[in-house]
Amino acid sequence: MHTAMPQGDSQPNSGTARLAELKMEGIASGALLGRIGNLEVRLARNEAEVAAAQEVRYRVFYDEMGAHKGALQALDRRDADRFDPVCDHLLVLDSSISGPEHRRIVGTYRLLRQEAAVAAGGFYSQDEFDLPGLVTRHPGERFLELGRSCVLPEYRSKRTIEVLWQGIWAYTNHHRIGVMTGCASFPGVDPAAHAESLSYLAHHCRAGADWDIRAVPGRYQAMDLMPAETINAKSAIAGMPPLVKGYLRLGARIGDGCVIDHDFRTVDVFIILPVSEISSRYVNYYGAEAQRFST
């Protein structure tokens, strides 16, 4: 996998030492990043919590959504890959659940910062979209890849989403992130099943030239499956997954083309969200919590 950094940027002298340094920088304290009622959000503090987050991911992606299981995944009942050791793992915990903290995890998000991606050999999503090209065009920005978002079924509420975004916003401010990116998924492997929603995104939500990104050759699938004049905006938006609608509300834009992920049985679109373009009402809404927790 190619690096997602521009040519000429420094590379770590010792891969193993640098990975450990990057990891500790992000998760050493595990301080609270937000709270709503009995739900708390923070970064994973230890390997037991990372493993518990991987178990939550397995329950959602494999048991519920039917992702393809490898032999090791089926044995361990964990969704894990080579990026996990260099990522920060954002956790939502229900403090009302008894027992050890790692058994209170009800939702998770995986956060891969640009400098950690260099050490890992690239971003996860660049197998589907030309993220290295986008990063190269914006050498002054710090990129953050959001991925592996999942919440247990009984916690899929507005409150859980809001506490997750408290955590993301505090993290983004603390690390001075300039651009949030990542894939968002529609269920199934047939883009035509989401023709109206995908077409709406293609016609009305595409990134401008400065931020445009295209699916990699060989995996590109057209999104403009319906003419713009035939799309009912209300039903198109209603047919989108909550995560996609949430990104759009924040001001995100969409890349060119979608990609079928046969392993996870999804149709993926690419999200681009420059922090400077986040809707002001959300900056104000999450700003107080970010200032409180990000220092």
Side-chain angles (χ1 to χ4, degrees), residues 1 12 15-35 39-65 67 69-95 97-125 144-153 155 160-161 163-168 170-172 174-175 177 180 182-183 243 263-264 293-294:
M1 190 177 281
T16 302
R18 181 57 177 153
L19 290 183
E21 177 186 343
L22 291 167
K23 184 174 175 63
M24 290 306 296
E25 178 186 343
I27 70 171
S29 66
L32 193 67
L33 300 179
R35 180 193 292 117
L39 296 181
E40 300 176 348
V41 62
R42 60 172 174 78
L43 297 177
R45 294 171 177 164
N46 51 53
E47 292 304 319
E49 291 186 344
V50 173
Q54 292 169 337
E55 291 173 8
V56 169
R57 284 159 34 184
Y58 186 95
R59 290 166 62 184
V60 172
F61 298 140
Y62 295 85
D63 288 344
E64 180 183 348
M65 299 176 60
K69 302 175 185 178
L72 183 59
Q73 292 160 331
L75 179 64
D76 289 347
R77 293 191 60 80
R78 288 165 49 190
D79 168 50
D81 65 19
R82 70 181 186 85
F83 291 92
D84 281 322
V86 297
C87 289
D88 287 331
H89 299 265
L90 193 67
L91 310 176
V92 175
L93 302 98
D94 183 349
S95 62
I97 297 175
S98 60
E101 288 203 351
H102 69 276
R103 293 305 173 196
R104 300 175 184 174
I105 299 169
V106 300
T108 183
Y109 235 124
R110 191 168 78 174
L111 311 177
L112 178 58
R113 283 181 284 138
Q114 183 172 340
E115 53 267 41
V118 170
F123 287 98
Y124 173 83
S125 59
L144 172 68
E145 182 183 65
L146 305 175
R148 290 299 205 274
S149 169
C150 65
V151 175
L152 294 178
Y155 289 90
T160 306
I161 297 301
V163 77
L164 268 171
W165 274 100
Q166 282 184 9
I168 292 170
Y171 184 94
T172 296
H174 178 79
H175 290 291
I177 299 300
M180 289 182 265
C183 294
L243 184 63
D263 287 338
F264 281 88
F293 290 111
S294 65

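Along the sequence shown, the residues carry numbers beginning at 1. These numbers come from the heavy atoms of this one structure, side chains and all, not from hydrogens, waters or symmetry mates. Everything quoted here is computed from the prediction, not taken from an experiment.
Of all the heavy atoms in A44 and L91, the pair that sits closest is CA-CD1, 3.6 Å. The shortest non-hydrogen separation linking G34 to Q166 is CA-OE1, 3.0 Å. Heavy atoms only, all atoms of each residue included: T108 and A53 are closest at OG1-CB, 3.9 Å. Between F61 and S149, the shortest heavy-atom contact is CZ-O, 3.7 Å. Closest approach of L152 to I105, counting heavy atoms only: CD1-O, 4.1 Å. Taking all atoms of both residues into account, the shortest heavy-atom contact from G122 to F83 is O-CE2, 3.2 Å.
The shortest side-chain heavy-atom distance between Y155 and D94 falls under the 4.5 Å cut-off. Under the 4.5 Å side-chain criterion, counting only non-hydrogen atoms from C-beta, L90 is in contact with L43. Side chains of D84 and Q54 form a contact here, defined as non-hydrogen atoms less than 4.5 Å apart. Looking only at side-chain heavy atoms (C-beta outward), R77 and Y62 stay at 4.5 Å or farther from each other. Within the 4.5 Å cutoff, no side-chain heavy atoms of L111 are placed close to those of M180.
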E40 and E101: side chain to side chain contact (heavy atoms under 4.5 Å, CB included), yes or no, with the steps?
-> CA-CA 11 Å; E40 300 176 348; E101 288 203 351; 5.8 Å; no
Evaluation steps, salt bridge (Lys or Arg N to Asp or Glu O under 4.0 Å), between R103 and E55 = CA-CA 10 Å; R103 293 305 173 196; E55 291 173 8; 2.6 Å; yes
How far apart are the C-alpha atoms of L164 and Y109, what are their side-chain angles, what is the distance that settles it, and do they pass the side chain to side chain contact (heavy atoms under 4.5 Å, CB included) test?
-> CA-CA 8 Å; L164 268 171; Y109 235 124; 4.0 Å; yes
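Under the 3.5 Å distance criterion, the side-chain polar atoms of R82 are matched with a main-chain donor or acceptor of A120.
Of the residues listed (R42, R104, H102), the one engaging E49 in a side-chain hydrogen bond (donor to acceptor under 3.5 Å, both in side chains) is R42, and it is the only one. In summary, of the residues considered (V163, L93, I168, T160), a side-chain contact (heavy atoms from CB on, under 4.5 Å) with V41 occurs for V163 alone.
Atom CG of L33 sits about 10.0 Å away from atom OH of Y171, to the nearest 0.5 Å. Here the CD-CD distance, from Q114 to E145, works out to 11.0 Å after rounding to the nearest 0.5 Å. Note: C150 SG to E64 CD = 9.5 Å, rounded to the nearest 0.5 Å. To the nearest 0.5 angstrom, D76 atom CG is 9.5 Å from Y58 atom OH. Between the CG atom in L146 and the OH atom in Y124 there is a gap of 14.0 Å [rounded to 0.5 Å].
Electrostatic pairing of D81 and R148 counts as a salt bridge here, judged by a charged N lying under 4.0 Å from a carboxylate O.
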